[in-house]
Amino acid sequence: MTGIRLTAPAPGWAIDADVVVVGSGVAGLTAALRCAAAGLDTVVVTKARLDDGSTRWAQGGIAAALGEGDTPEQHLDDTLVAGAGLCDEEAVRTLVTEGPDAVRRLIGTGAHFDTTDSGDIALTREGGHHRRRIAHAGGDATGAEISRALVGAVREAALHTIENALVLDLLTDAEGRTAGVSLHVMGEGQHDGVGAVRAPSVVLATGGMGQVFSATTNPSVSTGDGVALALRAGAEVSDLEFVQFHPTVLFLGADSEGQQPLVSEAVRGEGAHLVDADGVRFMVGQHELAELAPRDIVAKGITRRMHEKGAEHMYLDARHFGARMWEQRFPTILAACRAHGIDPVTEPVPVAPAAHYASGGVRTDLRGRTTVPGLYACGEVACTGVHGANRLASNSLLEGLVFAERIAADIAEARPPRTEPADAPGDAGAPVPLLSPEARTAIQRTMSRGAGVLRSADSLATAADELEALHREAAADVDGSKAVVPGVDAWEVTNLLLVSRVLVAAARQREETRGCHWREDRPDRDDAHGRRHLVVRIAPDRTPVVHRTETAAFPPVRPSD
């Protein structure tokens with residue numbers, strides 16, 4: 001344990017449970033439902049409303065070997081290729097073999113996927129897939145449908161939920177084992193102020209950290225809270241340098257910041273072309289799959305062409321779809337484009353890469369266990385080894401499903417006893433000085449400039465210096481004259497800084513180009529030295545400590561394993 005905690009008041013109230021699940025996306029709600037079904041007293045804590053996480057924004061779909069002629073082995077092969085030599089093959093095999101039945105159980109929960117005229121699940125292709133294996137719902141509203149079904153199941157099961165609550169820190173007992181979490185309820189929840197859920201098992205399913213960048217497809221709640229909590233608790237994170245930039249995000253202007261509208265890869269899967277201002281299909285010849293190459297390759301191809309042409313964006317041309325296909329297959333994207341004055345039925349759509357998905361996160365084993373006893377992680381906050389250096393399109397929802405079910409099974413089997421927290425946040429440890437909420441924009445712009453799609457030793461060094469300056473400025477306020485009042489905005493930006501510092505520390509040590517980590521100054525992949533994972537923890541003085549694994553395999557999360 002690090003003893004590091006956010007500066008916050010001591011909890012004024014507490015709830016006791018067997019399991020607390022933090023997050024309400026596909027991973028969190030699946031874990032909660034399975035835990036509750038096993039007879040475990042389960043509490044769900046979520047930062048906004050139950051359906052406000054990243055899951056409902058997922059457009060493309062969920063990948064699984066459900067189609068005729070497709071096999072888990074083919075799905076595994078495509079995943080390993082996309083992961084650029086850093087996937088854990090056992091984790092991928094677990095995903096692709098357990099995935100189809102997990103999707104069927106999701107359907108049993110109430111999710112409705114689009115079907116063909118014969119009643120079979122309609123499947124499409126996305127980048128990196130050699131077969132049609134992406135199940136979708138509502139054309140391009142898959143995440144919204146999955147969220148609807150799971151939220152409905154949670155409410156039907158009458159699970160205890162705490163909405164509008166920001167999780168702060170992990171509680172531990174005298175042995176250093178998980179004993180729950182502290183959290184702050186924001187006005188509209190069931191409790192006021194800082195409280196605690198005391199439970200021997202904590203499942204982090206807090207989603208991503210896209211808000212560390214100026215432009216992202218992630219919702220505003222994606223501020224890396226789960227990764228930051230895990231780091232402060234002493235957990236290891238891995239592969240945080242591998243941030244996937246979605247190639248085709250609606251370009252709203254060079255100065256546009258915050259959540260940007262996604263133009264799903266499924267649009268390219270159905271035959272849309274990437275073109276420059278002259279109408280040239282620049283991805284042809286760059287990869288055998290052209291526009292359907294893995295995302296890192298397409299994002300690099302777009303960025304290169306932008307540099308060659310001195311342009312701020314490229315175009316996605318799907319005018320040949322016609323109005324009927326746009327309206328039936330991609331109604332959400334069509335509406336988003338038209339809301340911004342662009343009609344994809346009659347004109348190409350301006351697109352540019354933006355931060356989309358964290359392939360790394362809190363390091364887990366195949367049962368979702370982290371390096372802190374009793375703390376689990378699943379979904380985007382976790383690093384299971386499935387994604388390697390670059391996530392294969394539409395594997396994320398499947399990963400959330402499969403590993404959430406595995407976590408629930410492990411907790412149900414172990415059924416650890418409830419213990420008392422050793423101390424209360426705010427009363428012990430080393431409280432982290434909070435950043436002013438105004439620092440959020442500075443962090444985002446630093447990260448976009450220095451650790452975005454294109455990186456180099458110089459850009460990363462500058463980013464590290466700027467982030468360190470923010471860190472030192474907060475830490476230097478020894479007399480409290482500039483003390484920031486604890487609150488959601490301050491806690492979020494403090495989490496963003498911690499996650500950013502760790503990401504940049506790892507990116508500086510990966511001196512090669514691999515997957516979605518693109519070093520301009522190191523353009524080649526270095527398999528002799530680069531097929532290793534970078535595992536990071538935080539020292540008690542809050543310095544990132546980076547360790548390179550000896551092989552491409554993850555070390556066990558428990559010394560006895």
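All heavy atoms count here, side chains included; hydrogens, waters and symmetry mates do not.
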_Using the side-chain contact (heavy atoms from CB on, under 4.5 Å) definition, which of the options Leu231, Val237, Val545, Thr543 pairs with Ile538?_
Leu231
_Just verifying a value: how many Å separate Leu534 CG and Leu503 CG, rounded to the nearest 0.5 Å?_
11.0 Å
*Is Arg34 paired with Glu405 through a side-chain N to carboxylate O contact shorter than 4.0 Å?*
yes
*asked:* What verdict does the side-chain hydrogen bond (donor to acceptor under 3.5 Å, both in side chains) test give for Thr446 and Glu466, after you've listed the backbone C-alpha separation in whole Å, the side-chain angles of each residue and the deciding distance to 0.1 Å?
replied: CA-CA 7 Å; Thr446 288; Glu466 292 175 359; 2.6 Å; yes
*Is any NZ, NE, NH1 or NH2 atom of the basic residue among Glu257 and Arg445 found under 4.0 Å from an Asp or Glu carboxylate oxygen of the other?*
yes
*asked:* Going by salt bridge (Lys or Arg N to Asp or Glu O under 4.0 Å), name the pairs with one or both residues in residues 376-401, residues two or more places apart or in two chains.
replied: none
*Any side-chain heavy-atom pair of Thr161 and Thr46 under 4.5 Å*: no
_Nearest-0.5 Å distance, CD1 of residue Ile443 to CD of residue Glu492_ = 11.0 Å
*Taking atom types as modelled, find out whether Asn390 and Gln244 have a side-chain donor-acceptor pair closer than 3.5 angstrom.*
yes
*Euclidean distance, Thr494 OG1 relative to Arg232 CZ, rounded to 0.5 Å*: 8.0 Å
_Can you confirm whether the side chains of Thr79 and Asn395 place a donor and an acceptor under 3.5 Å from each other?_
yes
*Arg508/Glu241 salt bridge by N-O under 4.0 Å criterion*: no
*State plainly whether the residues Glu163 and Lys47 are in salt-bridge range, i.e. N to O under 4.0 Å.*
no
_Test: Glu550 and Arg532 ion pair at under 4.0 Å_ = no
_One thing to verify: whether Asp18 and Arg418 come together as a salt bridge, which I'm taking to mean a side-chain N less than 4.0 angstrom from a carboxylate O._
yes
*Test: Glu512 and Arg519 ion pair at under 4.0 Å*: no
*Do Arg198 and Asp16 meet the salt-bridge criterion of a basic N to acidic O distance under 4.0 Å?*
yes
*Do Asp51 and Arg148 sit within salt-bridge range, that is, some charged N less than 4.0 Å from a carboxylate O?*
no
*Which residue pairs pass the salt bridge (Lys or Arg N to Asp or Glu O under 4.0 Å) test when at least one of the two sits in residues 19-28, sequence neighbours left out?*
none
*asked:* Using 0.5 Å steps for rounding, measure from the CG atom of Leu29 to the CG atom of Leu159.
replied: 9.0 Å
*Could you name each residue pair satisfying ring-ring contact (aromatic ring centres under 6.0 Å, His included) that touches residues 370-418, not counting sequence neighbours?*
Tyr357-His387
*Side chains of His356 and Thr217: do they bring a donor and an acceptor to under 3.5 Å?*
yes
*With under 30° as parallel and over 60° as perpendicular, where do the rings of Phe554 and His533 fit, or are they tilted in between?*
parallel
*Please determine if Arg177 and Glu175 form a salt bridge, counting it only when a charged side-chain N lies under 4.0 Å from a carboxylate O.*
no
